[in-house]
Amino acid sequence: MQGVGFRPFIFNLAKTHQLVGWVRNSAAGVDIELDGAQHTLETFIQDIKTQAPPLSKIDEFTIGWIPPQGFQTFEIVHSTDDPNAFVPISPDVTICEDCLAELFNPQDHRYRYPFINCTNCGPRFTIIKEIPYDRPFTTMASFELCPTCRAEYEDPSNRRFHAQPVACPNCGPHIWLENSGSEEILAEKEAALQLAREMLKAGKIVAIKGLGGFHLACDATNPAAVETLRRRKLRVDKPFAVMCPTIEDIKTYCQLSDFEEQLVLSRERPIVIVPQKANNAIAEQVAPGQSTLGVMLPYTPLHALLLEPAENFPTALVMTSGNLSEEPITTTNQAARQHLSPLADALLLHNREIYIRCDDSVMRAAPPNPIPAIYALRRSRGYAPFPLLTQWRMPSILAAGAELKNTFCLTKEKYAFLSHHIGDLENYETLQSLEHGVKHFEKLFRITPEVIAYDLHPNYMATRYAQQRATQENLPAFGIQHHHAHIAACMAENRIPSQESVIGISFDGTGYGTDGTIWGGEVLLSGYQSFERALHLKPIPLPGGDTATKEPWRFALSWMLAAGHSLEEAQNFFPEIPPASLEMVAHQIKSGINAPLTSSMGRLFDAVAALVGIRHQVNYEAQAAIELEQIVYTQEDGTYPFTITGKIIDPIPMMNQLIADRYNKIPQSTIAAKFHNTIAAITLAASTQLRDTTSLNRVALSGGVWQNMVLLEKSIQKLSDSKFKILLHKDIPANDGGLALGQAIIAYHTMIH
C-alpha cells in the first residue's frame, strides 16, 4: 500500500539493525535490497511483519537471497513505474491522534490548520489522479511546498516523509466562507470557520466542502433548522446522519454496545446505525419514525475544528450529503455555487480539488453469530477502494452492478476492487459518475477489462453501459441473474471454495428473473457457476410496476385479492384511497395490464406495512418496511401459518390470519412481530427442506431485506438452533451495493467451465 509511511519505516528499521541497501516504491508494491548477516536479515524480516505502519497491509511477501552488493549506506531511492503493474491505494481514513494533537496545540506551526495530515492519516483516494502515488499525480500538485514542509517531506525520520498532501498555512490550501447565491466572500481562514460556527449555532444551514464531497450541516437539536433543510433538500422523511464532537456526546443521545463504540471510533469513521435513547435532545425531524440514529465522529481536521466543543455550540450537527435528492454528491466549488446555494445559507469552501467523489460509509453491528461483527450497509469512504483478496487469480473483469445503490467491481489477479458508492442510476449525472469511476479505477489499478458482467434487467442503465462497452470493445459479456449474484457475493466474502454449493436465501425488492418475471423472494441451490431456483415466494401481480414501490397499498390490495378478499373489504382497510383508484388498480391486477408478476419479499414487507396501517405511500426506498420493523413487539413469539408446496412458498394463510387480526384490533406491534417471526420461520423451513434433500448445511443470507435487523436476528437464532452454518455479509453490503462482486465472481467461473 503506497502513501502509508512504509519506506521511512523500512529506512528506520534498517538503521536500527545497522543494515545497508535501499528501499523504493514501485507500481507493484515496495522493493527492498539489503546487505547484512543472515541472522540480522531474518530478524529484520520478522520485524517488518510485526511492526509495520498502522495503515499498511502486506498481501504478499517474497524473499530472495543474493550475493552482497557492497552497499555503504541505506537509502530511499526514487519510485519506479511499470505500466503493467499496480498496487492497492489506501482509502481515506480519519485524522490520526498525532495530527489531532498538533491541530489544537498553540505552539505548533499547523495550529488550527484545516488540512493538517501525515502518512498515518490522509487524504489519499479522493485526491489521487494516477500512480505511483506521488505529489505530482494528486490534486496537491499546484501547492508548492514551503521550506519547512519540504524539510519534513524529505526527512525519512519524520512521519510526514513523502506524505503527498503535506502542507501548512504558508503553502497549502485554505478555507473561506461565501454567501449563498452571490459568491461574496464573507470571511477567510480562521474567521471563516468561526463565522460558519456562528451561523450553525444560529440555526442556519451551511454547505461544507469535505473530503469526498459536500455536506449540508445544521444544528441537529434545532427542529426548525432540520425542517428547513428537509424542505430545501426535498428529502421528506429519509433519516439524516449526525456528527458529534466526541464519543461521549454520542452516548448522550444513543445507546452503544462495546462493539458499536469500537466501530464508531474505528479509523474508517463510518456512519454507524445505533439505538437512540428515549427522550434525547436530537430533533425528531432528524430521523422521523425511527428508533435508531446514524452517528459518526469528525474524520477530517476541518470537521474537528468545526465541531470544537464550546459553550452553547451544538454537540450534534446534521451532516447529510450535499446534493438534491437522487443527485450525486457535489464535489466542486462551482457546482456547489450552482446546486447548493438554494439549499444552504452559506458555503464553506476550500481550494483543494476533490478528484473522485466518495460518500460516507454506513455500517451497523450484525447480531452475534457467534460474536458481533460489522455489517456494511454502504461501503465507501474509509473502505473503498481497498480490494477484497479472493481465492482466485482472475482475468480483468468489469462488473457493472445494479440500478440502485450502484457500485461496480474490477478484478485483477487475486484482487476484486469493489468501488465506492455511486448511487441510484436514475439520472444522467449518476451514470456519468459511474463512467468516471470506472475509468479512474482502470487507470489507478492498470486494468484493461477482458470480460464484462452485468445484471439481466434490460432497462438498467448499468446493464446498457456494460453492453455498449462490450460491443464497442468486442469483449465477451455475461448477463448475471440478480439473486444468484447476491448469493455468490456472500459466498465469495466467506471464501467458499469453487466446487462447493450453499443454500442461498436471497430476499430483496426486485430482480429480473430468468423467466422474465420479477423475482425477490428466492431460495436457491447455488454454486458460483450455476444455481437452481429451488423455492420461491408465490408470484402475484405488482400493479403499476415501479409505482407500487412508492404506493404500498397497491401490492397490499393485490395480496388481499389473491387471498380471496373483496374490493369492498379493501376499502375498509384503505379509506383514504379514493374508491376509483382502488377499482382501477383492482382492474390492473385482474387483467394483468401493467401488473407484472413478482415473488418479491421486499414488496411483501411493504404490503404488510400497508395492511397494518403503518404507511400507504412512501417517500424513500423501503420506508414502509423500515417503519414496520421499528414497531415490532420483541416479546411476541407467535407466528402465522404458511405452506410450501412444490417450489411455492405460499403466504396466503398468513395474509388471511393477519387480516383477521386487523379486524380483531390486535395491536400493530403484535402483528408486526408475528409477521417477522413468520418470515424467519419460512427461512428455517425452506432451509431444512433443502438440507433434507441435498445434505447442504450452509445457508447464505443476502439481499436488501436482510438489512432488517429484527428479521436477521430471529433467522440467525432459528438457523443456529437447527445447527446450520450461517454465511452473512460483513464488509460487503447485503443490498445491491455488493452485487457487482457476485457478478464478477460468477463471470469468472462461467469462463473457466
Side-chain angles (χ1 to χ4, degrees), residues 255 257 273-276 278 287-292 364-369 375 505 507-509 520-521 537 552-553 555-556 559-560 563 573 600-616 618 622-644 649-688 701 703-722 726 728 734:
Q255 191 71 46
S257 67
I273 309 297
V274 295
Q276 292 193 54
Q290 304 293 307
S291 61
T292 56
R364 71 184 308 168
N369 175 38
Y375 198 67
I505 314 286
F507 290 166
D508 67 1
L537 200 64
W553 67 266
F555 202 45
W559 273 110
M560 285 191 75
F573 273 81
S600 170
M601 181 62 78
R603 299 291 79 80
L604 178 62
F605 271 77
D606 291 348
V608 170
L611 285 171
V612 171
I614 300 297
R615 181 166 289 277
H616 298 146
V618 301
Q623 181 181 10
I626 290 168
E627 293 180 358
L628 182 69
E629 178 191 0
Q630 297 290 315
I631 67 162
V632 166
Y633 176 53
T634 54
Q635 302 306 310
E636 173 62 50
D637 58 6
T639 59
Y640 291 119
F642 62 89
T643 63
I644 300 179
I649 301 166
D650 190 348
I652 281 180
M654 176 191 74
M655 300 303 288
N656 283 323
Q657 187 59 55
L658 189 152
I659 289 167
D661 278 356
R662 281 289 281 143
Y663 276 125
N664 293 325
K665 296 184 168 48
I666 301 298
Q668 289 178 320
S669 59
T670 300
I671 298 174
K674 290 171 70 176
F675 170 68
H676 281 77
N677 295 343
T678 303
I679 304 306
I682 287 172
T683 300
L684 175 62
S687 301
T688 302
L701 305 179
V705 168
W706 293 111
Q707 295 174 135
N708 182 313
M709 289 294 115
V710 170
L711 175 65
L712 185 65
E713 188 164 4
K714 288 177 181 293
S715 299
I716 286 173
Q717 188 64 58
K718 287 181 180 295
L719 291 167
S720 296
D721 289 347
S722 294
I726 304 163
L728 296 181

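Worth saying up front: this structure is predicted, and the values here are computed from it rather than measured.
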Side chains of [X] and [Y]: closer than 4.5 Å at any heavy-atom pair?
{"X": "L537", "Y": "F507", "result": "no"}
{"X": "I659", "Y": "F573", "result": "yes"}
{"X": "H676", "Y": "N708", "result": "yes"}
{"X": "L728", "Y": "L712", "result": "yes"}
{"X": "V618", "Y": "D606", "result": "no"}
{"X": "I652", "Y": "W559", "result": "yes"}

Side chain [X], main chain [Y], donor-acceptor under 3.5 Å:
{"X": "T292", "Y": "I273", "value": "no"}
{"X": "N677", "Y": "G638", "value": "yes"}
{"X": "Q630", "Y": "S291", "value": "yes"}
{"X": "T678", "Y": "T639", "value": "no"}

Minimum heavy-atom distance [X]-[Y], with the two atoms named:
{"X": "A365", "Y": "Y375", "result": "C-CB, 4.3 Å"}
{"X": "P641", "Y": "Q657", "result": "CD-CB, 4.2 Å"}
{"X": "S720", "Y": "I726", "result": "OG-CD1, 3.3 Å"}
{"X": "A609", "Y": "A624", "result": "CB-O, 3.5 Å"}

Find the distance between [atom1] ([X]) and [atom2] ([Y]) and round it off to the nearest 0.5 Å.
{"X": "I716", "Y": "W706", "atom1": "CD1", "atom2": "CH2", "result": "8.5 Å"}
{"X": "M655", "Y": "D650", "atom1": "CE", "atom2": "CG", "result": "10.5 Å"}
{"X": "F555", "Y": "L611", "atom1": "CZ", "atom2": "CG", "result": "11.0 Å"}
{"X": "L701", "Y": "S715", "atom1": "CG", "atom2": "OG", "result": "6.5 Å"}
{"X": "L719", "Y": "I505", "atom1": "CG", "atom2": "CD1", "result": "7.5 Å"}

Task: Candidate pair Q290 and I626, rule side-chain contact (heavy atoms from CB on, under 4.5 Å), full reasoning - done: CA-CA 8 Å; Q290 304 293 307; I626 290 168; 3.3 Å; yes
Task: Pairs flagged by salt bridge (Lys or Arg N to Asp or Glu O under 4.0 Å) wherever residues 622-643 is involved - sequence neighbours left out - done: R615-E627
Scan the side chains in residues 665-675 for donor-acceptor partners under 3.5 Å anywhere in the protein, sequence neighbours excluded, and list what turns up.
| residue | atom | partner | partner atom | Å |
| --- | --- | --- | --- | --- |
| Q668 | NE2 | V612 | O | 2.9 |
| K674 | NZ | D661 | OD2 | 3.0 |

Task: Residues, nucleotides or ligands: over 12 heavy atoms within 6.0 Å of Q276 CD - done: yes
Open item on the list: Using a strict threshold of under 4.0 Å (side-chain N to carboxylate O), is an ion pair present between D721 and K718?
Closed with: no
